[in-house]
Amino acid sequence: MIVTRFGSLRTAARRLTGRGHPVTYSLIALCAIVFLLGPVSGFTTAYGTGERLIAAQYAYYDRWGVIPAELFRGRAEEALTPLTALFVHGGWLHLLGNLLFLQVFGGMLEERMGPVRYLLFYLGCGYLALLGYAAAFADSAQPLVGASGAISAVLGAFLHVLPKARVTTLLPFLLFLPVRVPAWVVLPFWAALQWIAARRGGEGPGVAYLAHLIGFALGFLYAWTRSGSLRVRTPATATEGDSKP
């Protein structure tokens, strides 16, 4: 498990640029609203209870999620599902975990790219990550939902753009003690965990680790090809607490 805190770096950059993070916070808000209005959150009684609610949840995922076995059959509505699936989540932990990573890493990347390019990057990489997963498991009828592919692309680009930025991390093999380490340590470690999990996993229900890896690689490659316009030109500010003895 990796938990990140990045407050003062983001705050310092906002002071320097005078800009906020409209796209990042809009994406967070949209994901949250879609989840709260859906049949999984439990915030609305419109979907009924018991078996009726379960049926509504299955129908919801089938309608808005990516179903690999259906995606490549040539129907126009299926081609849109890698976009709609980016705003659908499978539960509270799925939603909050994704939004935490997006809030921590997305704003700084948005400042480097600019809102329009950042939005296109997020949607494009998220689409391709889900498309790549669907191609790898083309016979699967299991719906795929979540923003993880797009957020993984944000992490990959962040690794190239801000590799020295320090992140406070909880690592399980250190008994979850907080450790402040550079992004170039934390993010490759996270990617390695996804790779190990992808090799052990399959196409059944669970976490689509392969989509994470595809998104991460796409994000890093994009930032690498655009390094002249994205690379930080000032030293990264330490995270909260790093200046204290």
Quick one: closest heavy-atom pair of [X] and [Y], and the distance?
X      : Y      : result
Pro68  : Ala134 : CB-O, 3.7 Å
Leu109 : Ala157 : CD2-CB, 3.7 Å
Ser41  : Leu36  : OG-O, 2.9 Å
Asp62  : Pro143 : OD1-CG, 3.3 Å
Ala150 : Leu86  : CB-CD2, 4.2 Å
Leu144 : Ala85  : O-CB, 3.5 Å

Notebook entry, point to check: Counting only heavy atoms not in Glu51, do more than 12 fall under 6.0 Å of its CD?
Noted result: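 12 or below, so no.
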
Note to self: So for atom OH, which belongs to Tyr58, do other residues, nucleotides or ligands contribute more than 12 heavy atoms lying within a distance under 6.0 Å?
What the structure shows: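 Counting other residues, nucleotides and ligands, OH of Tyr58 stays at 12 neighbours or fewer.
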
Inter-residue atom distance [X].[atom1] - [Y].[atom2], 0.5 Å rounding:
X      : Y      : atom1 : atom2 : answer
Cys125 : Leu221 : SG    : CG    : 9.5 Å
Leu155 : Leu187 : CG    : CG    : 5.5 Å
Tyr60  : Leu37  : OH    : CG    : 8.0 Å
Phe158 : Phe220 : CZ    : CZ    : 13.5 Å
Ile67  : Arg73  : CD1   : CZ    : 9.5 Å
Leu123 : Leu83  : CG    : CG    : 6.0 Å

Next item on the list: Indicate, with yes or no, if Ile28 and Phe43 share a hydrophobic cluster defined by side-chain heavy-atom contacts under 4.5 Å among Ile, Leu, Val, Met, Phe, Trp and Tyr.
Entry: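 Same hydrophobic cluster.
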
Notebook entry, point to check: Can you get from Ile33 to Phe87 by hopping between Ile, Leu, Val, Met, Phe, Trp and Tyr side chains that sit under 4.5 Å apart?
Noted result: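 Cluster IDs for Ile33 and Phe87 differ.
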
Donor-acceptor contact below 3.5 Å, side chain [X] vs main chain [Y]:
X      : Y      : value
Gln194 : His212 : no
Arg63  : Ala59  : no
Thr84  : Trp64  : yes
Arg112 : Met108 : no
Glu110 : Val23  : yes

Taking the side chain as every heavy atom from C-beta outward, state whether [X] and [Y] have any atom pair closer than 4.5 Å.
X      : Y      : answer
Gln142 : Tyr61  : no
Leu213 : Ser152 : no
Val66  : Val145 : no

Verify whether the ring centers belonging to [X] and [Y] lie closer than 6.0 Å.
X      : Y      : answer
Phe35  : His89  : no
Phe137 : Tyr133 : yes
Trp195 : Tyr209 : no

Next item on the list: Verify the distance criterion only: is there a donor paired with an acceptor across the side chains of Tyr118 and Thr24 at less than 3.5 Å?
Entry: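 A pair is found: one side chain offers a donor N or O, the other an acceptor, under 3.5 Å apart.
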
